[in-house]
Protein chains: 2
Amino acid sequence: MSWQKVLSNNGYRVSGPRRLVMELLAESAQPMTPLEIYQALSQSGRALGMVSVYRALELLAELGLVCVVYNPNGSSGYVAGSAGHHHHILCKRCHRTITFAGSEDLSDLIQRVEAETNFRVSDHLLQLYGICPECQKISADTVEDN
Amino acid sequence: MSWQKVLSNNGYRVSGPRRLVMELLAESAQPMTPLEIYQALSQSGRALGMVSVYRALELLAELGLVCVVYNPNGSSGYVAGSAGHHHHILCKRCHRTITFAGSEDLSDLIQRVEAETNFRVSDHLLQLYGICPECQKISADTVEDN
DNA sequence: AGCCTTATTGATAATCTTTTTCAATAAGGG
DNA sequence: CCCTTATTGAAAAAGATTATCAATAAGGCT
Ligand SMILES: [Zn+2]
Ligand SMILES: [Zn+2]
Ligand SMILES: [Zn+2]
Ligand SMILES: [Zn+2]
């Protein structure tokens, strides 16, 4: 279902600011902070208030249309979200972020931890960090040059 | 190795504020924000500046003596950290947080994602959310009462 | 135990980020 | 095309984090 439909179906309007934020994030390969979103849109002429960026992100996140991802250094940003169970993998060098499908791969771990701790697990946060193909290539080239 | 030793070995002093923050977190069952730490210490007479809380946390986190954990709602807090590969599980109801040992349980998942995405994975962020034993018991009691 | 050096603290101010407020605007149903 | 009302945006308020710098105290040395 399109993000416009998700908004409508939940009684929200498909407004200019929401469209701008949504489309920008969909195009971006990297997570963006509210400020970065504001600046990117301002510079490309399509101005909107900083407040609207915050409000759009809040709503879009609530509806699952965008996701928050955490950088290794602790800062966080937003990426366009896909539906269903999924997680993100971030490049430590260029911050390129892509999504991978969630699976039952954690179920063994979760069972073990439930047995160990007596917690009942219902949810999880998982992100992988590493180096993306492009940055690996750059590293390889640099090494060759030496 | 004790946290005091870690500080010393890295050329830092075992100061009052660092001790207060470290001991408070070690005793706390829940993650705490800088403000919560500041207030808790102030109220128990052992006053220190807000700024010192920030600085202590920054340093302790850098040395791996405390960890940042993310609440399901997006807010974050600090917990006393254990050494080695580990993760945290949080109770969604009372925020009690405990540590569980990391393992190789993600290696299958990581291999799959590396194959799918061509990323080289070096690190990960994992947290589990659920209900702790105490809160399960409360739920059970409540149900019985009905 | 007392002294000295210097890392660390804390009060204040500066900066940055996020939220509130409320009149003006525009989305979308009719 | 009009009307209703959700949404926006400017400005201000509130909240969180960081910089400054004189005063303090940790820990090495004797
Ligand atoms: Zn990269
Ligand atoms: Zn998952
Ligand atoms: Zn609980
Ligand atoms: Zn792990």
Side-chain angles (χ1 to χ4, degrees), chain A residues 1-25 31-63 65-66 68-71 73-78, chain B residues 1-25 31-63 65-66 68-71 73-78:
Chain A
M1 185 162 42
S2 74
W3 59 268
Q4 291 97 333
K5 210 99 186 60
V6 174
L7 282 176
S8 302
N9 289 354
N10 287 84
Y12 298 105
R13 295 179 179 176
V14 180
S15 69
R18 288 171 187 163
R19 183 198 320 286
L20 289 174
V21 170
M22 195 65 222
E23 288 176 349
L24 178 62
L25 285 182
M32 301 183 78
T33 65
L35 181 58
E36 286 168 344
I37 292 168
Y38 172 75
Q39 291 174 333
L41 292 174
S42 298
Q43 284 173 14
S44 67
R46 301 165 293 180
L48 79 178
M50 182 78 231
V51 189
S52 298
V53 175
Y54 278 103
R55 284 191 287 221
L57 288 172
E58 182 182 27
L59 179 62
L60 295 172
E62 192 177 304
L63 297 175
L65 296 171
V66 303
V68 178
V69 300
Y70 302 96
N71 278 97
N73 63 40
S75 70
S76 62
Y78 291 83
Chain B
M1 185 162 41
S2 74
W3 60 269
Q4 291 97 334
K5 210 98 186 63
V6 173
L7 282 175
S8 303
N9 289 354
N10 286 84
Y12 298 105
R13 295 180 179 175
V14 180
S15 70
R18 288 171 188 163
R19 183 197 320 284
L20 289 174
V21 170
M22 195 67 221
E23 288 176 348
L24 177 63
L25 286 182
M32 300 184 79
T33 64
L35 181 58
E36 286 168 342
I37 292 169
Y38 172 76
Q39 291 174 332
L41 292 174
S42 299
Q43 282 173 15
S44 67
R46 302 164 291 180
L48 80 178
M50 182 78 232
V51 189
S52 297
V53 175
Y54 278 104
R55 284 191 289 221
L57 288 172
E58 181 181 30
L59 180 62
L60 296 171
E62 191 179 306
L63 297 175
L65 296 170
V66 303
V68 178
V69 300
Y70 302 97
N71 278 98
N73 64 40
S75 70
S76 62
Y78 291 84

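Within every chain, numbering begins at 1; the chains are lettered A, B, ... in the order of the sequence lines, protein sequences first and strands thereafter. Heavy-atom basis, side chains included; hydrogens, waters and symmetry copies ignored.
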**Prompt:** Mind checking what makes ring pair (Phe, Tyr, Trp, His ring centres under 6.0 Å) contact with B/Y70, not counting sequence neighbours?
**Reply:** A/Y70
**Asked** Near DNA chain C, under 4.0 Å by heavy atom, which residues of residues 11-19 of chain B?
**Response** B/Y12, B/R13, B/S15, B/P17, B/R18
**Request:** Step through the shown structure and confirm whether more than 12 heavy atoms of other residues, nucleotides or ligands are within 6.0 Å of CD on B/Q39.
**Result:** yes
Compare every heavy atom of [Y] with every heavy atom of [X], then report the nearest pair and how far apart it is.
| X | Y | answer |
| --- | --- | --- |
| A/L60 | A/V21 | CD1-CG1, 4.0 Å |
| B/R19 | B/W3 | CA-CH2, 3.5 Å |
| B/R13 | B/L7 | O-CD1, 3.9 Å |
| A/N9 | A/M1 | ND2-SD, 3.3 Å |
| B/M50 | B/Y38 | N-CE1, 3.5 Å |
| B/S76 | B/V68 | CB-CG1, 4.0 Å |

Integer-rounded Å distance: [N] [atom2] and [X] [atom1]:
| X | N | atom1 | atom2 | result |
| --- | --- | --- | --- | --- |
| B/Q4 | D/dA26 | CD | C1' | 14 Å |
| B/E58 | D/dT18 | CD | P | 7 Å |
| A/L57 | D/dT8 | CG | C1' | 15 Å |

**Request:** On DNA chain C, reading 5' to 3', which nucleotide is the first and which the last to sit with an atom under 4.0 Å from a heavy atom of chain A, could you check?
**Result:** C/dT17 to C/dG28
**Message:** The test is side-chain contact (heavy atoms from CB on, under 4.5 Å); show your working for A/L57 and A/L25 and say whether it passes.
**Reply:** CA-CA 10 Å; A/L57 288 172; A/L25 285 182; 4.0 Å; yes
**Request:** Could you walk me through whether B/L41 and B/I37 pass the side-chain contact (heavy atoms from CB on, under 4.5 Å) test, one step at a time?
**Result:** CA-CA 6 Å; B/L41 292 174; B/I37 292 169; 3.9 Å; yes
Listed pairs, N/O of protein and of nucleotides 14-17 of chain D, under 3.5 Å:
unit_1: D/dT17; atom_1: OP2; unit_2: B/Y54; atom_2: OH; d: 2.0
unit_1: D/dT17; atom_1: O5'; unit_2: B/Y54; atom_2: OH; d: 3.2

**Asked** Would B/R46 and B/S44 count as having a side-chain donor-acceptor pair, cut-off 3.5 Å?
**Response** yes
**Request:** Compute the angle between the rotation axes at the two ends of the helix from C/dA1-D/dT30 to C/dG30-D/dC1, each taken over five pairs, rounded to 10 degrees.
**Result:** 50°
**Fill in**
Sequence neighbours excluded, the answer for side-chain contact (heavy atoms from CB on, under 4.5 Å) partners of A/E36 is A/M32, A/T33
